[in-house]
Number of protein chains: 2
Amino acid sequence: MSTMNDVAQRAGVSLKTVSRVVNGEPNVSEQTRRKVDAAIAELDFRPNSVARNLRTGRIDLIGLALPYLSQPYFSSLAEEIMREAERHGLTVLIELTEGDAEAELALVREHGPHLGGLLMYPVGLSDAQALTVARTVPTVFISERAYDAHVDRVAMANREGVRALVGHMVSLGYTRIAALGADHTGRPERAAAHLRLDGYRDGLRDAGLPYLPELVLEVGTPHWNRQEGSAGMRRLIEGGIPFDAVVAFADALALGALHAVQEAGLRVPAEVAVAGFDDTDDARYAHPSLTSVAPGRAQIAREALALLNDRMNGTVDQEPGRLVVADFQLTVRESTLGGMAAWGGA
Amino acid sequence: MSTMNDVAQRAGVSLKTVSRVVNGEPNVSEQTRRKVDAAIAELDFRPNSVARNLRTGRIDLIGLALPYLSQPYFSSLAEEIMREAERHGLTVLIELTEGDAEAELALVREHGPHLGGLLMYPVGLSDAQALTVARTVPTVFISERAYDAHVDRVAMANREGVRALVGHMVSLGYTRIAALGADHTGRPERAAAHLRLDGYRDGLRDAGLPYLPELVLEVGTPHWNRQEGSAGMRRLIEGGIPFDAVVAFADALALGALHAVQEAGLRVPAEVAVAGFDDTDDARYAHPSLTSVAPGRAQIAREALALLNDRMNGTVDQEPGRLVVADFQLTVRESTLGGMAAWGGA
DNA sequence: CACCGGAGATTCATCGTTGTCAAAGAGTGA
DNA sequence: TCACTCTTTGACAACGATGAATCTCCGGTG
């Protein structure tokens with residue numbers, strides 16, 4: 001590992017001049033610059049970011065706090081964010097919270113002060129705690145839950161997305177549309193479920209269809225998975241309640257529902273249409289491929305980093321928190337259209 | 001952000017004494033230690049790891065280079081590794097290579113010198129390049145491909161795992177067992193496929209069954225996914241070749257196969273048994289739940305970090321590379337047993 | 001009583017950079 | 001030629017911590 005000093009000696013200039021060249025500062029003659037560049041190349045010198053960070057106080061390392069990595073939505077979000085961060089010249093440090101408020105706070109206490117910024121998908125954090133986090137380190141939350149007005153947040157178009165999904169179903173002639181994944185506990189960490197249910201109601205209202213509580217299925221676990229989806233759907237089927245479409249609030253639920261429906265001998269989409277939310281890879285590869293709301297992951301990543309960048313540069317230091325809602329896309333596949341695309345098509 | 005200096009002033013001792021206390025060094029009186037601890041608590045002081053790293057040259061940050069995060073095997077591996085690293089007091093920096101040798105090298109050139117160590121799941125790296133990487137930074141490869149004898153590597157029991165899987169099938173009475181996921185290109189980056197095929201042959205030989213080339217299905221893409229699994233299985237079915245079991249070399253392939261088999265009207269496992277490799281969550285939640293070889297992810301994480309730790313401490317500096325093969329477990333579920341467990345069990 | 005050993009604490013230099021400030025050279029106008 | 005810019009360059013301190021060397025007591029010895 002060569003240092004700036006080595007480069008300086010080799011180029012026959014002072015250390016500071018090398019620093020100037022490396023950082024593209026002005027007031028270096030073309031000739032010197034070339035000499036230094038040559039020496040840098042010869043020694044394969046790379047500035048020591050540790051030392052640089054120490055000196056400047058700026059850190060090009062940002063944290064990304066997620067509950068899990070093993071769930072498709074989070075791993076693909078992480079991928080997008082890492083790609084976007086690279087464009088900003090930032091390195092991403094992923095931290096797992098397992099959805100525990102304690103861990104979320106501990107992480108911030110521990111690493112927060114030594115991170116340039118933090119992107120966090122909070123789960124257990126209360127309003128007050130979120131504020132604490134944001135005061136420790138420049139933070140942008142990626143969350144469906146509305147926090148106190150003083151923190152920045154990027155969210156999905158939960159409500160509009162499901163509304164559009166219902167509209168899509170209606171336009172295809174389905175009228176008894178079940179909702180899968182509702183939550184009636186009202187707990188704030190289930191905000192996504194609440195908003196999506198609102199969207200479901202909106203969609204029905206748009207179409208002049210009645211809201212039928214018996215078509216609204218609550219599921220149990222805190223995180224939506226296939227088992228829950230399948231179990232919920234079976235309850236509906238066994239209850240003998242007629243339905244011709246299912247809007248699931250997550251792809252995992254939809255995939256579970258798909259199974260239960262097919263297991264019951266119903267054809268998808270001929271007899272029952274199924275759609276999900278998240279547009280994960282699993283949805284694309286399902287059989288039949290699953291219609292889903294793509295929440296604009298790339299845009300979420302982009303916006304989150306844009307907001308964070310502002311915070312890190314102090315551009316918006318005292319502003320109240322900003323909220324960005326990403327655009328969504330309705331990705332229509334076989335599970336609501338039938339026979340139009342080969343299995344596996346996008 | 002308070003510094004050691006602040007703590008020193010507050011406690012009325014020298015900066016170095018604070019350093020001693022923080023690092024648990026001897027030769028500090030109990031009384032002083034208490035004073036310092038109190039000051040640390042009052043100021044909520046946390047040592048600046050950037051400065052510490054600069055001074056000591058030791059870095060508690062290790063890289064984890066993976067091709068993707070969005071594939072279940074990798075994201076769950078990453079989770080395990082992060083958990084294990086925490087136990088060693090290390091922080092993990094995940095880097096994505098997209099399976100490109102160029103990116104793998106670039107990453108090492110760029111970040112390598114400033115990382116304490118590196119865990120890498122190489123894809124495109126040649127033998128010579130792997131050695132280059134290992135010389136840049138203490139490295140442990142997690143890879144099925146055998147590299148040059150001078151690098152450390154942790155691998156799965158590819159061959160033994162599939163062999164056991166075939167044995168399991170045989171013990172249940174299946175005799176025409178198809179292999180899904182073979183590779184005949186011989187390209188070294190497909191080592192996993194080669195080893196698993198070897199295991200398949202071993203299993204047949206153990207049982208005294210003939211190796212039938214028409215039951216061995218090659219798949220196309222570099223990474224195994226459901227579409228490929230399903231396409232391969234359909235070729236087999238349409239070819240009219242009789243079979244009563246499928247050993248897929250990856251869960252994704254097995255899930256695709258499951259669909260194709262069921263689509264063809266065959267019951268699993270009554271008429272056809274299906275099993276995979278990797279033991280991902282998807283396998284557990286599939287319908288029927290999928291028998292799979294669990295490659296010992298936790299052990300892989302543990303061993304990889306143990307090896308890396310040695311390298312980082314220079315304990316084994318000049319030794320030739322070491323190879324650890326993790327134990328595997330055969331996780332038997334409905335897709336080979338039938339009717340014994342409720343869906344989603346195990 | 002002078003001397004020694006050792007625990008407990010301190011001072012000073014240092015890791016590899018960047019910010020500040022001053023010095024040296026080059027060019028300009030009077 | 002001199003005073004005065006403006007550009008280019010360098011010396012030095014500093015970021016926050018640790019390692020080496022040193023200093024200060026204090027009790028124990030001969």
Side-chain angles (χ1 to χ4, degrees), chain A residues 1-40 43-61 89 91 110-116 313, chain B residues 1-40 43-61 89 91 110-116 137 313-314:
Chain A
M1 279 300 302
S2 49
T3 77
M4 264 191 189
N5 223 327
D6 304 333
V7 176
Q9 291 200 321
R10 177 148 197 135
V13 298
S14 80
L15 193 160
K16 177 68 211 189
T17 299
V18 177
S19 170
R20 287 214 171 84
V21 172
V22 167
N23 294 304
E25 287 174 29
N27 297 337
V28 179
S29 73
E30 194 48 43
Q31 188 188 0
T32 328
R33 192 180 298 276
R34 259 199 297 275
K35 265 195 305 186
V36 172
D37 279 333
I40 288 177
L43 295 175
D44 190 30
F45 164 79
R46 324 217 133 239
N48 181 330
S49 56
V50 173
R52 171 181 288 172
N53 291 342
L54 173 60
R55 182 63 243 241
T56 61
R58 281 233 167 115
I59 321 188
D60 55 4
L61 185 68
T91 305
E110 187 67 26
H111 293 282
H114 308 307
L115 289 173
N313 297 333
Chain B
M1 280 299 303
S2 49
T3 77
M4 263 192 187
N5 222 328
D6 303 335
V7 176
Q9 290 201 321
R10 177 149 198 134
V13 300
S14 80
L15 191 159
K16 178 68 213 191
T17 301
V18 177
S19 171
R20 284 225 166 76
V21 172
V22 168
N23 294 306
E25 288 173 30
N27 298 340
V28 180
S29 72
E30 193 49 42
Q31 189 187 358
T32 324
R33 192 180 298 277
R34 258 201 297 275
K35 265 196 306 188
V36 172
D37 278 335
I40 287 177
L43 294 175
D44 190 30
F45 164 79
R46 324 218 133 240
N48 181 329
S49 55
V50 173
R52 171 182 288 173
N53 292 342
L54 174 60
R55 182 61 243 239
T56 62
R58 282 234 166 116
I59 322 188
D60 54 4
L61 186 67
T91 304
E110 188 67 26
H111 293 280
H114 308 307
L115 289 173
V137 51
N313 298 333

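Computed over heavy atoms, backbone and side chain alike; hydrogens, waters and symmetry mates excluded. In what follows, chains carry the letters A, B, and so on, assigned in the order in which the sequence lines appear, proteins first and then strands, with residues in each chain numbered from 1.
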Exercise for the section: Could you tell me which residues satisfy side-chain contact (heavy atoms from CB on, under 4.5 Å) with A:Ile59, sequence neighbours excluded, listed by chain and number? Expected result: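 Once residues adjacent in sequence are excluded, the partners of A:Ile59 under the side-chain contact (heavy atoms from CB on, under 4.5 Å) criterion are A:Asn53, A:Leu61.
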Identify whether any heavy atom of [X] sits under 4.0 Å from a base atom; if not, whether one sits that close to sugar-phosphate; answer base, sugar-phosphate or nothing.
X       : value
B:Val22 : nothing
B:Val50 : nothing
B:Pro47 : sugar-phosphate
A:Arg46 : sugar-phosphate

Exercise for the section: For B:Arg52, enumerate each residue passing the salt bridge (charged side-chain N to carboxylate O under 4.0 Å, His left out) test, keeping only those at least two apart in sequence or located in another chain. Expected result: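 For B:Arg52, no residue satisfies salt bridge (charged side-chain N to carboxylate O under 4.0 Å, His left out) once neighbours in sequence are set aside.
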Exercise for the section: Sequence neighbours left out, what passes salt bridge (charged side-chain N to carboxylate O under 4.0 Å, His left out) with B:Arg33? Give chain and number order. Expected result: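 Checked B:Arg33 against salt bridge (charged side-chain N to carboxylate O under 4.0 Å, His left out); zero matches.
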Between [X] and [N], is there a contact of a side-chain N or O with OP1 or OP2 at under 4.0 Å?
X       : N      : answer
A:Asn53 : D:dC15 : no
B:Asn23 : D:dT18 : yes
B:Ser19 : D:dA17 : no

Handout entry: Distance, nearest 0.5 Å, that separates OG of A:Ser49 from CG of B:Leu54
Key =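 Rounded to the nearest 0.5 Å, the OG-CG separation comes out at 10.5 Å.
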Pairs under 3.5 angstrom only: tabulate donor-acceptor contacts from the side chains of residues 5-15 of chain B to other protein residues two or more places apart or in another chain.
unit_1, atom_1, unit_2, atom_2, d
B:Asp6, OD2, B:Thr3, N, 2.9
B:Arg10, NE, B:Glu42, OE1, 2.4
B:Arg10, NH2, B:Glu42, OE1, 2.6
B:Ser14, OG, B:Lys16, N, 3.4
B:Ser14, OG, B:Thr17, N, 3.3
B:Ser14, OG, B:Thr17, OG1, 3.1

Exercise for the section: For B:Ser29, check side chain to side chain donor-acceptor pair (under 3.5 Å) against everything at least two apart and list the hits. Expected result: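 Side chain to side chain donor-acceptor pair (under 3.5 Å) check on B:Ser29 returns B:Thr32.
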Problem - Test side chain to side chain donor-acceptor pair (under 3.5 Å) applied to A:Arg46 - qualifying residues, sequence neighbours left out - result: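 Expected list: B:Glu110.
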Problem - Residue pair A:Arg20, A:Val36: steps toward the side-chain contact (heavy atoms from CB on, under 4.5 Å) verdict - result: CA-CA 10 Å; A:Arg20 287 214 171 84; A:Val36 172; over 6 Å; no
Within this structure, what is the [atom1]-to-[atom2] distance between [X] and [N], rounded to whole angstrom?
X       : N      : atom1 : atom2 : result
B:Asp60 : D:dA17 : CG    : C1'   : 13 Å
B:Asp6  : D:dA17 : CG    : C1'   : 13 Å
A:Arg58 : C:dG16 : CZ    : C1'   : 19 Å

Every protein N/O lying under 3.5 Å from an N/O of nucleotides 11-15 of chain C:
unit_1, atom_1, unit_2, atom_2, d
C:dT14, O2, B:Arg55, NH1, 2.4

Problem - Toward the 5' end of DNA chain D, by each residue's nearest nucleotide, B:Arg20 or B:Ser49 - result: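 The answer here is B:Ser49.
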Handout entry: Given D:dT18, D:dG10, C:dT18, the nucleotide with the shortest approach to the side chain of A:Met4
Key =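 Of all the options, the side chain of A:Met4 is nearest to C:dT18.
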Exercise for the section: Identify the two heavy atoms, one from B:Leu43 and one from B:Ser2, that lie closest to each other, and give their separation to 0.1 Å. Expected result: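 Heavy atoms of B:Leu43 and B:Ser2 come nearest at O-OG, 3.3 Å.
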Handout entry: Under 3.5 Å: donor-acceptor pair, side chain of B:Asn48, backbone of B:Val50
Key =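 Answer holds: yes.
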Handout entry: Of residues 27-36 of chain B, the positions that come close to DNA chain D - non-hydrogen atoms, cut-off under 4.0 Å
Key =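 Contacting residues: none.
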Practice task
Using five base pairs at each end, measure the axis-to-axis angle across the helix from C:dC1-D:dG30 to C:dA30-D:dT1 and round it to 10 degrees.
Solution key: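 The end axes of the helix from C:dC1-D:dG30 to C:dA30-D:dT1 are about 70° apart, to the nearest 10°.
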